[in-house]
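Per chain, numbering begins at 1; letters A, B, ... match sequence-line order. Since we're looking at a predicted model, the values are computed, not measured. Note that these values count all heavy atoms, side chains included, but never hydrogens, waters or copies made by symmetry.
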Amino acid sequence: MTMTQATEQKHEIIANGEATAIMPTGGKQKPITVIGTEAIRNTFDDLCLQQAINSRQAPGVTDLVLNPDAHCGYGAPVGCVMVSPSHVYPGPVGVDIKCSMSLLQTSLPADAVDDKKVRRALIKAICDRTPTGAGRGQRNVPKSRHVDEALGKRVLVEGASRGVCEELGIPAEWANHCEDASHVGHNDSTGSLALRLEKLLPNMYKFADKMSQLGSYGGGNHFGECEVVQVGEDKRSREAAEVFGLVDGGVAFLSHCGSRGIGHQLATGQFKALQNKFEQWDIPLPGQDKQLVYAPLGTAEANAYLDDMALGANFATVNHMLINALVLEAFQEVIPGTTGQLVYFISHNIARKEIVDNRPAWVHRKGATRAFPGGHHALKGTPFAKTGHPILLPGNPQAGSAVMVADEGAALSCYSVNHGAGRQLGRKAAKRALDQAEVDRSFDETDILTNCRSYPIDEAPAAYKDFDEVLHSVKSAGLASEVARLKARFVIKDGDKADD
DNA sequence: ATGTGC
């Protein structure tokens, strides 16, 4: 797609307080819901808007929401929610299937990590067990935790099942603190997922190597971060924090990672397969965009996509669970007696079957986080039925990150909020505009240690939007409220590593 | 995001 095509598309804006709507002209459809003020809306470039309009007008789509952090993505913008009762779309899930956040609350008080030597020892112990970087997999992990091809297949098919958790030394009760502990594919059966995997295996590139990536972060914006929890002083924050297991003034660990090489392989395999079908059958693409291929529910193509998405999602889930188990072990090695509890695990790149407007639909969240408030029917029987589930919103190490909880107003955004601060500088622009020495000095001044000799400059806090502004737009749109702020004490990133 | 080039 070209920018010329993008600017040719006409649309009108319907303003409605903090939330606005974009109506593609000539259509009778429900407009695109935009969360964010006019100032936020003005940050969307033409291609991002064109992707939103293409997605809105694509077959079977009934709702499209753009979040304040929206920017160009693969077919659909990153920072959008796309709802369809009849079709599945791989683009609006993305290449990193089930990229997610997780938060582990430890029993340690904040002053346990004051000493720089202790923090350096923790960084080493954590990096020994949970490496960063593309292509990097397990190292220094005991044989009992090594994921070979056979265990990898179970992980892909079962997700964080009781059996898989036992094999890997993951506390089984953590599965109750997952958005979805296991994904079952197109017909709700692990049997059909196993069959799909057997069909795929002969053409899988380095399958065993990909399985051995379980328990690793990867690169880019993925990270692990040691935090001090600051619970809000209001009654609702205190009550929610208690249900979530958050300890005010305690040490916690926040992780951001996804399905690594296997998720990428499954996603790109699906794009290629569907693009070939569209070409072969000469079907028009939404907005002539090859990245917006889709499959109608009930077809062999949709079944294959839903199965592959489930396989990738299961890997991502167990990846996060294992990282949390290994990080807890690292804490125990450095500070004996430390205990830990998973607060929550929640994705921002996944399609889920939910009830929208009283009928089942696939809700594709692409760089968007599910936000069910207390009393939502889908939370019945979970620990979060009354409060709403925890929303983990990464900001940046210096401004902090947030734990939020949804409000009734989240219905406006198909029960979703943004998935982070969003970039304000592209990677190239950040490298041009920011000074490495100054970025490193800012970490020294705020007493935040890292595993890198120099912090990756395109990931510097200044490359991201002002986090308080972002939180303000979520709160003022009535989507969610802040429960706690997380303040970083050290960061694990893929970069110029001090231990290599 | 990624077997960081199929």
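Nearest-nucleotide assignment on DNA chain B puts the 5′-proximal partner with A:His222, out of A:His222 and A:Gly133.
Taking atom CG on A:Asp96 and atom P on B:dT4, their separation rounds to 16 Å, with Å as the unit. The interatomic distance linking A:Asp209 (CG) with B:dT2 (C1') rounds to 14 Å, in whole Å. Rounded to whole Å, atom C1' of B:dC6 lies 14 Å from atom CG of A:Asn276. For A:Arg427 and B:dT2, the CZ to P distance is 11 Å, given to the nearest whole Å. For the pair A:Lys206 NZ and B:dT4 P, the interatomic distance rounds to 9 Å; values are reported in whole Å. The OH-C1' distance, from A:Tyr217 to B:dT4, rounds to 21 Å in whole Å. Distance, A:Ile97 CD1 to B:dT2 C1': 12 Å, rounded to whole Å. One interatomic measurement links the two molecules: OH of A:Tyr74 to C1' of B:dT2, which rounds to 12 Å at whole-angstrom precision.
Across all strands, A:Gly261 comes closer than 4.0 Å only to sugar-phosphate atoms, never to a base (heavy-atom distances). Nucleic acid contact for A:Gly219: sugar-phosphate only, since backbone atoms but no base atoms lie under 4.0 Å from a heavy atom of the residue.
Aromatic pair A:Phe244/A:His177: ring centres not closer than 6.0 Å.
For A:Thr446, there are no side-chain hydrogen bond (donor to acceptor under 3.5 Å, both in side chains) partners two or more places apart in sequence or in a different chain.
Look at A:Asp180 and A:Lys353 and you find no salt bridge, because none of the NZ, NE, NH1 or NH2 atoms lies under 4.0 Å from a carboxylate O.
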Residues 269-278 of chain A side chain polar contacts: donor-acceptor under 3.5 Å, at least two apart:
unit_1	atom_1	unit_2	atom_2	d
A:Gln270	NE2	A:Ala304	O	3.4
A:Gln270	NE2	A:Asp308	OD2	2.8
A:Gln275	NE2	A:Lys290	O	2.9
A:Asn276	ND2	A:Lys272	O	3.4
A:Lys277	NZ	A:Glu301	OE2	3.4

